[in-house]
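In what follows, chains carry the letters A, B, and so on, assigned in the order in which the sequence lines appear, proteins first and then strands, with residues in each chain numbered from 1.
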Protein chains: 2
Amino acid sequence: MKKEKSQLTDICQLQLQGVKDTQDLLSGKWKTVIVAALYYNGKFRFMNLSRHIEGIAPKVLSKELKDLEMNQLVKRTVIDTMPITVEYELTSQGKSLNKVIEAMGEWGVNYRKSILKK
Amino acid sequence: MKKEKSQLTDICQLQLQGVKDTQDLLSGKWKTVIVAALYYNGKFRFMNLSRHIEGIAPKVLSKELKDLEMNQLVKRTVIDTMPITVEYELTSQGKSLNKVIEAMGEWGVNYRKSILKK
DNA sequence: GATGCTACTTACCAAAACGAAACTACTTAC
DNA sequence: GTAAGTAGTTTCGTTTTGGTAAGTAGCATC
């Protein structure tokens, strides 16, 4: 009798690893929301971004942006105005998350609808 | 002078909320991977699922499955064999995550490639 | 009757994530 | 000189999450 084991093909295993990697890079409560905000808006200054993401503390936003920058999903640009302003935007790598963000956005909206219907 | 504030349209705000909701439902290190495994394989028994998700402890798997069940993404079926077996599968609600899972899978695979190229 | 399989649970602990509040440093405006 | 806006950092503490190891309970096999 064959043991019920890996029904998963190699391609599925690869995709599964992909899901895991993506999850790891977007870990935590805020990263997807930050990426989504930058995706929908293009650019944001620190204060302006924090105003658009309800409930996030500056310390947390700062840390999350650093993480995203380290993984090359977000670009940070200091602009030499008075006072100094800093702009955040998605890198091309970050922009390539568009399908993920859009799928999550849509699914979330539909999920909410389907819950309310009951 | 206009204050640089909500450049985001109402539709974007809605999508953003959707992203947040999705993120909340799939929070933590394992939920997306569990959903993806069930998506690629259809059904899994507890032990078999735990074998396919490397590194997850039974306690954690149990808890994550309960969370997913509570949010109606996963269905749990007890089958009265000897010894008892339990099957887990996605609900239709869970299956509707297909776009999210596929987008994450693909992006992850591509990200890995692009990192290795350097 | 000891071992092993099923599907978990329990107890305990460590680490990471998150959060509130205050503070820094610079400049402009009043 | 006082307040307000820029972009954060620091401190401290709580909460959540994840992990290890062992235990449970029923049955089946050796």
**Presence of B/R45 side-chain N/O under 4.0 Å of C/dC5 phosphate oxygens OP1/OP2** = no

**Fill in**
Numerically ordered, the residues 26-37 of chain A set in heavy-atom contact under 4.0 Å with DNA chain C is A/G28, A/K29, A/W30

**Complete:** Distance col, row A/S62:OG vs A/I56:CD1, nearest 0.5 angstrom, shows 10.0 Å

**Asked** Are any of A/S62's side-chain N or O atoms less than 4.0 Å away from OP1 or OP2 of D/dT9?
**Response** yes

**Complete:** Per-nucleotide protein contact along nucleotides 20-29 of chain D, 5' to 3', at a 4.0 Å heavy-atom cut-off (B base, S sugar-phosphate only, - neither), is B-----BS--

**Complete:** Ranking C/dT9, D/dA7, C/dC18 by distance to the side chain of B/K66, first place goes to C/dT9

**Item:** Any strand: nucleotide that pairs with D/dT9 via Watson-Crick or wobble, under 3.5 Å
**Value:** C/dA22

**Request:** Please check if the side chain of B/Q15 supplies one atom and the backbone of A/G108 the other of a donor-acceptor pair under 3.5 Å.
**Result:** no

**Asked** For A/R76 and D/dG8, is the shortest distance between a side-chain N/O and OP1 or OP2 below 4.0 Å?
**Response** yes

**Request:** Find the distance between CD (B/Q72) and OH (A/Y111) and round it off to the nearest 0.5 Å.
**Result:** 5.5 Å

**Prompt:** Which value, rounded to the nearest 0.5 Å, describes the distance between B/S50 atom OG and B/F44 atom CZ?
**Reply:** 10.0 Å

**Request:** Check whether A/L16 and B/V109 end up in the same hydrophobic cluster, where Ile, Leu, Val, Met, Phe, Trp and Tyr are linked by side-chain heavy atoms less than 4.5 Å apart.
**Result:** no

**Item:** Audit row: B/D24, B/K20, salt bridge (Lys or Arg N to Asp or Glu O under 4.0 Å) steps and yes/no
**Value:** CA-CA 6 Å; B/D24 287 350; B/K20 206 180 178 191; 5.8 Å; no

**Request:** Just compare D/dG18, C/dA7, D/dA7 and give me whichever is closest to any side-chain atom of B/M47.
**Result:** C/dA7

**Item:** Phosphate-side-chain proximity, A/R51 and D/dT6, N/O vs OP1/OP2 below 4.0 Å
**Value:** yes

**Asked** Of A/R76, A/R45, A/K75, A/K43, which is the lone residue that meets side chain to side chain donor-acceptor pair (under 3.5 Å) with A/Y88?
**Response** A/R76

**Request:** Report which part of the nucleic acid A/E87 touches: base, sugar-phosphate, or nothing (heavy-atom distance under 4.0 Å, all strands).
**Result:** nothing

**Message:** Looking at B/T22 and B/G18, would you say the former's side chain and the latter's main chain have a donor-acceptor pair under 3.5 Å?
**Reply:** yes

**Message:** Does A/I115, at its CD1 atom, have more than 12 non-hydrogen atoms belonging to other residues, nucleotides or ligands within less than 6.0 Å?
**Reply:** yes

